[in-house]
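Note sheet for the following structure.
Values in this document were obtained by computation on a predicted structure and should not be read as measured data. Each ligand, and each atom within it, is numbered from 1 in the order the structure gives.
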Amino acid sequence: MAGSKKKFYYTVAKTLHWFAAFIITFNLLSGWRLGGFPLNQKEVLIMIHSGIGVTIFALMIFRWWWRKTRKLYTPPGWKKRPSMLLQWIFYPLLLIQPVIGVIQVAYIDYEVRAFGFINFSALAADDAKLHGLFLQLHGQTAWLLIALVLLHGLDRSRSAFI
Ligand code: HEM
């Protein structure tokens with residue numbers, strides 16, 4: 001009984017992992033193209049991008065809670081294993097990235113509504129300088145995430161062969 005319960009917990013964790021991986025990759029790859037569209041199309045695309053970003057934020061909190069409360073992926077000495085630490089770095093980074101996204105959108109000079117109704121652009125007055133600063137930070141965090149995703153992929157495929 002205990003074994004089948006644990007199996008179910010891991011199945012949920014794995015499903016959440018792959019769903020998160022899919023939408024994170026989507027935002028990481030498509031974000032760079034957002035700037036190149038006319039404003040009316042850009043508003044729709046950023047509505048989708050920001051909605052996915054908010055979903056990633058909520059999903060990471062849920063995943064963290066799910067893993068922690070069910071003590072998943074905690075083999076003895078896991079805190080000293082570089083590959084486990086690499087996995088945990090994603091949690092704070094994937095919470096910070098949507099927050100930076102929201103901050104830069106707060107200063108943007110057009111309307112951004114996540115899911116079509118959360119008006120993040122109304123949070124603060126337009127400010128091109130602050131918008132530029134946080135957009136730059138958003139881009140840099142994205143590069144860091146891309147590097148870590150590649151490292152994580154290499155690490156997991158290496159372990160699969162050992
Ligand atoms: C984990 C979640 C997210 C990821 C991985 C992500 C990724 C990216 C990437 C790679 C870019 C391109 C950066 C650049 O051109 O320098 C970008 C741009 C952008 N992101 Fe995000 N993002 C996330 C969440 C959000 C959220 C929550 C919002 C808003 C609420 C947001 C709003 C924007 C906007 C407005 C742009 C710039 C569009 C432009 O070029 O004018 N992002 N994002």
Backbone, side chain, both or neither: what part of Ile56 comes under 4.0 angstrom of ligand 1, heavy atoms only?
-> side chain

For atom 27 (C) of ligand 1, what's the nearest protein heavy atom and its distance?
-> Pro98 O, 3.6 Å

Is there a donor-acceptor contact under 3.5 Å from the side chain of Tyr107 to the main chain of Leu123?
-> no

Select one of side chain, backbone, both or neither to describe which atoms of Lys42 lie under 4.0 Å from any atom of ligand 1, heavy atoms only.
-> side chain

Atom 9 (C) of ligand 1 sits nearest the protein heavy atom Gly31 CA, 3.7 Å

For His138 and ligand 1, does the shortest N/O to N/O distance drop below 3.5 Å?
-> yes

Working to the nearest 0.5 Å, report the span between OH of Tyr91 and NZ of Lys68.
-> 12.0 Å

Looking only at protein heavy atoms, which one is nearest to atom 30 (C) of ligand 1, and how far off is it?
-> Ser50 CB, 3.3 Å

Which residue and heavy atom of the protein sit nearest atom 37 (C) of ligand 1, plus the separation = Leu135 CD1, 3.6 Å

What part of Val105, side chain, backbone, both or neither, has a heavy atom within less than 4.0 angstrom of ligand 1?
-> side chain

In this structure, are over 12 heavy atoms from other groups packed under 6.0 Å from Phe26 atom CZ?
-> no

In terms of residue, atom name and distance, what is the protein heavy atom nearest to atom 33 (C) of ligand 1?
-> Gln104 NE2, 3.2 Å

Tell me which part of Phe120 gets within contact of ligand 1: side chain, backbone, both or neither, using heavy atoms under 4.0 Å.
-> side chain

Protein heavy atom at shortest distance from atom 31 (C) of ligand 1 | His49 CD2, 3.4 Å

